[in-house]
Each structure stands twice: as structure tokens, then as C-alpha cells.
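Just so we're clear, the structure is a prediction, and the values are computed from it rather than from any experiment. Start at 1 and go down the list; that is how both ligands and their atoms are numbered.
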Amino acid sequence: MLKINLREAMHFIDGEYTAGSSGKTFDNVSPVTGRKIGIVHEGLRPEVDAAVSAARAALSGPWGYLPLAERAALLHAVADGITKRFDDFLEAEILDTGKPKSLASHVDIPRGAANFKVFADLVKNVPTESFMLDTPDGAGALNYGVRKPKGVIAVISPWNLPLLLMTWKVGPALASGNTVVVKPSEETPLTATLLGEVMNEAGIPKGVFNVVHGFGPDSAGAYLTEHPGVDAITFTGETRTGEVIMRSAAKGLRQVSMECGGKNAGIVFADCDMDKAIEGTMRSVFANCGQVCLGTERVYVERPIFDAFVARLKKEAEGLKLGAPEEAGTSLGPLISQEHREKVLSYFELAKKDGATIVTGGGVPDMGEELSGGAWVEPTIFTGLPESARIIREEVFGPVCHIAPFDTEEEAIRLANDTEYGLASAVWTEDLSRAHRVGRKIEAGIVWVNSWFLRDLRTAFGGSKQSGIGREGGVHGLEFYSELTNVCIKL
Ligand SMILES: NC(=O)c1ccc[n+]([C@@H]2O[C@H](COP(=O)([O-])OP(=O)(O)OC[C@H]3O[C@@H](n4cnc5c(N)ncnc54)[C@H](O)[C@@H]3O)[C@@H](O)[C@H]2O)c1
Ligand SMILES: O=C/C=C/C=C(\O)C(=O)O
């Protein structure tokens with residue numbers, strides 16, 4: 001089935017794969033073994049120029065004239081194409097990330113398809129506003145809103161859920177009639193590359209979907225976000241990168257959507273269902289080796305159940321099976337890279353220096369000869385740190401949490417909110433009134449009660465404070481990806 005070569009990731013520009021003209025490449029390295037698995041062509045200004053030109057031209061080509069129902073049907077064909085090529089996407093995603101096959105096949109790839117279906121359906125069914133205005137002559141005027149595409153959208157995406165997070169933006173952008181230039185993370189180029197093939201197979205006109213590979217600064221990412229031919233930028237990644245991109249977007253007053261970092265709290269009340277709280281907290285701390293922006297890095301547990309909770313989480317964490325993606329029973333893969341492992345391990349060292357109690361983990365596991373070059377770390381739990389410790393304040397993005405006790409509901413809310421981030425939170429309680437009370441008081445874009453990462457794509461998604469700007473998902477995504485014109489007709 002696979003026509004493209006996963007060992008040589010090319011740009012996808014104007015419906016064609018191309019190595020570009022920069023002549024520069026970089027290595028794609030397996031996080032599982034540390035070995036080179038292929039090369040990636042690096043895009044510089046000429047490649048970005050070509051992709052943006054193709055995307056601009058496509059706006060006034062057949063894509064620009066398609067009736068909405070046909071555009072939606074094409075996006076369904078893209079979703080079906082992903083599903084048909086499920087194994088190819090799985091292979092590509094696993095090669096890049098090293099995540100367990102079970103995780104990628106249940107979360108990443110199905111969501112890649114869903115992100116096209118949901119927004120294709122939504123765009124057909126969302127109304128726009130309409131107001132009748134009284135006028136002195138008594139005849140009145142009719143106002144109604146018309147949604148139009150914004151134009152060329154730059155999509156800058158990260159490495160942790162590469163297909164899921166890229167299509168989460170490309171789906172609504174295309175559903176709204178835009179064209180896109182995607183700059184996937186340099187760590188994970190493959191599923192975006194493969195998507196080009198699916199776009200062609202589905203019949204998406206050339207130039208509508210483009211991919212340029214490369215890094216951020218002085219590379220494809222910076223050149224794309226600075227490009228005057230880009231009308232809006234949607235970004236997922238670190239808060240500090242978001243700041244740089246906002247500066248680029250200021251030139252020409254281009255709109256941004258920012259989905260950035262988090263330092264999310266889990267709050268476990270003594271009245272919780274302990275089994276649910278343990279299962280959910282395990283996932284929220286360790287899923288994808290802790291590399292989920294919505295993940296819990298701070299757990300606050302009501303004092304009467306603190307010791308029991310810590311003991312159970314430790315037991316579960318020690319039962320996780322680290323291993324290669326295809327190995328049966330693997331529940332935890334490696335981190336994305338050696339560089340990221342250095343960062344995570346440096347936080348472990350800081351925690352130890354600050355006097356943390358190591359409940360479990362805290363180091364590098366022995367994975368045997370074959371996997372010794374991979375970016376492995378032990379699932380880790382700390383307790384006993386003051387709230388001022390850096391590992392409690394800064395996003396680590398690894399398989400680690402700190403657990404602290406609390407005594408009152410007010411204290412738990414204060415602790416959860418005591419952060420410069422505001423992305424997500426998970427609250428564990430069987431008390432319905434408390435769930436509502438606490439849910440509203442958490443300063444975050446998303447609060448889950450008795451669940452985590454339970455996604456309904458019609459809902460608003462995004463972060464408050466330094467976790468982001470704006471909301472995507474459902475109609476909120478369509479707001480960002482379209483330009484609303486009010487037509488006022490004097491009757
Ligand atoms: N809020 C969310 O929905 C969400 C989702 C996933 C990840 N994240 C966050 O993403 C981070 C992890 O991802 P990452 O390490 O890939 O983030 P990152 O900010 O390092 O990189 C994200 C993307 O930005 C590009 N980039 C970097 N510098 C750039 C520049 N100057 N100009 C243009 N592009 C540039 C990168 O090449 C990459 O494609 C974490 O902070 C995590 O919390 C947030
Ligand atoms: O790592 C962050 C996960 C983000 C998830 C989404 O953007 C989503 O589920 O739409």
C-alpha cells in the first residue's frame with residue numbers, strides 16, 4: 001500500500017512530493033533504539049515560498065468554488081483514506097514516536113480520521129446569526145452572517161501526538177474552506193508526509209494541503225510563520241515558542257490560535273471512587289510516557305486517603321511494562337529523544353536536591369542491549385516537596401508526578417490554581433455538588449470530573465493563562481478558521 005518512502009521524508013507541495021532545493025537533510029532517529037531510521041528534507045525559504053504560493057493559488061482554484069456538501073464529502077474521503085491506510089499510519093507514527101502500538105491504534109490514528117469527519121459534518125450544520133433591525137421607515141433591515149474561509153493557514157504542530165494534533169487543526173481549517181501549510185515537528189515528520197498521499201487519493205485539489213519539514217528558528221517554522229502570504233497561524237507547542245510565533249504574527253496583524261503547555265493538577269477527594277481515581281490518575285500521569293499536554297503532573301490528595309492513594313499508585317506504576325511498541329503488554333514507551341530525556345532527568349535531579357521522597361522510579365531503567373540507546377526513563381512518583389519546588393512549578397512532560405496532601409476543598413482549589421498555566425484538571429469525587437462547585441472554580445480550559453482525556457470534539461478546547469489563547473473544537477474552531485461577514489439588507 002505504502003507508496004512513499006518512510007526512510008526519506010519529503011515535503012508535500014502542490015500535490016507533489018519534493019526534496020526541495022535546500023539540499024539540506026537531517027536524521028530521523030528512533031526514540032526506541034537511538035538509531036537512525038531515515039532522513040528528512042529540511043525546508044527553507046524557497047520551500048516555504050512554494051508551499052504558501054501553492055496554498056494561495058488553490059484558494060482561487062476548484063477548492064474555492066466547491067459547494068459545501070462536496071467539500072464535506074471530500075473530507076469524509078480523507079477520513080476514510082486514513083482508516084483504509086490504518087496500518088501505514090500506525091507504522092509511521094510508531095517509527096517516529098516509539099509509543100506503544102496499543103496506544104497509537106486506540107487514540108492517535110482513529111482521532112486522525114475523526115478530526116476530518118467531525119468538522120466536515122459540523123460545518124454543514126452550524127447556523128450563523130441573523131438579526132432583524134427596526135428602522136424609522138418601518139420597513140426594517142435584515143442582518144445575517146456569512147462564514148468565509150480565512151485564507152492560507154499555517155499549522156505548526158508538536159511531536160507528542162503528531163497525527164492527532166496536526167489533523168485537529170487541518171480538519172476544521174479545510175472544512176472551513178481554507179488551504180493549509182503544515183510544519184510538523186522535526187521529531188515526527190512521517191504521518192504528515194503520509195497524509196499527502198491520502199489527500200491525493202481522496203481527490204483533494206492540489207495546493208490545498210501542503211507540508212514543509214524543518215526546525216523552528218532559522219528554518220521552515222520561522223519562515224512559515226513570518227511569511228506575509230499566511231493569513232492566520234494555529235500553533236500547538238511550548239508556551240515560549242508560542243510567544244515567538246505571536247511576535248511573527250503581529251506583523252500584518254495576523255490572528256493566532258495557541259494551544260500551549262500545562263502544569264495540570266489532579267484533585268482526589270476522600271469521597272472518590274478509589275479504583276476510578278487510581279485508574280484515571282495512572283493514565284493522566286503516565287500515558288504516552290507523560291508526554292500529553294493535558295497530563296497530570298501535580299496530584300493533590302485529601303489527607304485521610306493520602307497514604308493509601310500513594311501506596312496504590314506506586315504499586316500500579318511499578319506494574320507498568322516499559323518496552324518496544326510492538327511488544328505484547330507494553331504500556332510505556334520511551335521519551336521522544338535523548339535531548340528531552342536530559343531535560344526530564346534534570347528535573348528528577350532537582351527534585352532530589354530539593355529533598356523529595358522518591359516513592360518509585362527517579363532514574364533510567366535497564367532496557368537491555370537492543371534498546372540501550374533509547375530515551376527510556378522510569379515511571380516516577382515524588383512526594384514531600386514544598387509548592388515552590390521547580391518540579392512543581394514547571395512543565396516536565398515526562399512520566400512523573402508529585403503527590404501532596406490537602407485538608408479542605410478551598411485549599412485544594414487554591415493549590416490547583418497556583419500556577420501560571422491553565423490547561424486542564426482532573427477532579428475525583430462522588431459528591432455531585434462538590435463536582436460542580438470545584439469544576440467551576442478551577443482556572444483551566446478543561447476540567448474533567450471522574451475521567452481524563454474524555455474528548456467530545458464539539459466542545460471548546462484550549463487553555464487559560466499561559467496555556468493558550470482562544471478555543472478550538474466545535475463551533476469555536478470554526479470561528480477561528482473563518483471570517484464572518486455581516487450582510488445588512490435594508491428592506
Ligand atoms: N495545549 C495543547 O493542546 C498542547 C498539545 C500538545 C502539546 N502541547 C505542548 O507542546 C509542548 C511539546 O511539544 P514540542 O516540544 O514539540 O513544542 P515546541 O514548541 O518545541 O515545538 C512545536 C512546533 O513549533 C515549531 N517551532 C519551534 N520554534 C519555532 C519558531 N521560532 N517559529 C516557528 N515554529 C517553531 C517546532 O519545530 C514544532 O513544529 C509541551 O509544552 C506541551 O504542553 C500543548
Ligand atoms: O498533548 C495534548 C493533547 C491535546 C489533545 C487535543 O488537542 C485533542 O484531543 O483535541
Is it true that atom CZ of R147 has more than 12 heavy atoms of other residues, nucleotides or ligands lying nearer than 6.0 Å? yes
Which residue supplies the protein heavy atom nearest to atom 5 (C) of ligand 1, what is that atom called, and how far is it? C293 SG, 2.9 Å
I'd like to check atom 14 (P) of ligand 1 in this structure: does the protein have a heavy atom lying under 4.0 Å from it? yes
What part of L294, side chain from CB on, backbone N/CA/C/O, both or neither, has a heavy atom under 4.0 Å from ligand 1? neither
Ignoring angles and geometry beyond distance, decide whether T241 reaches within less than 3.5 Å of ligand 1 through its nitrogen or oxygen atoms. yes
Quick check: E395 and ligand 1, any N/O pair under 3.5 Å apart? yes
Which is it for L165 and ligand 1 at heavy atoms under 4.0 Å: side chain, backbone, both or neither? side chain
I'd like to know if the side chain of D231 and the backbone of I153 have a donor-acceptor N/O pair within less than 3.5 Å. no
Tell me which residues fall inside the under-4.0 Å heavy-atom shell around ligand 2. R111, N160, L161, L164, L165, W168, V292, C293, L294, F453, R455, F461
Could you tell me if any non-hydrogen atom of G463 lies under 4.0 Å from any atom of ligand 1? no
Consider every N or O of K183 and every N or O of ligand 1, then say whether any pair is closer than 3.5 Å. yes
Would you say that E42 contacts E47 through its side chain, given a criterion of any heavy-atom pair below 4.5 Å between the two side chains? no
Taking 4.0 angstrom as the limit and counting only heavy atoms of F461, give me the atoms of ligand 1 inside it, by number and element. 3 (O)
If the contact criterion is a heavy-atom separation under 4.0 Å, does P184 count as touching ligand 1? yes
Do any N/O atoms on C260 end up under 3.5 angstrom from N/O atoms on ligand 1? yes
Of G216, G221, S157, the one whose closest heavy atom lies nearest atom 23 (C) of ligand 1 is S157
What do you reckon, does N160 have a nitrogen or oxygen under 3.5 Å from a nitrogen or oxygen of ligand 1? no
Within 4.0 Å of some non-hydrogen atom of I245, the atoms of ligand 1 are 32 (N), 33 (C), 34 (N)
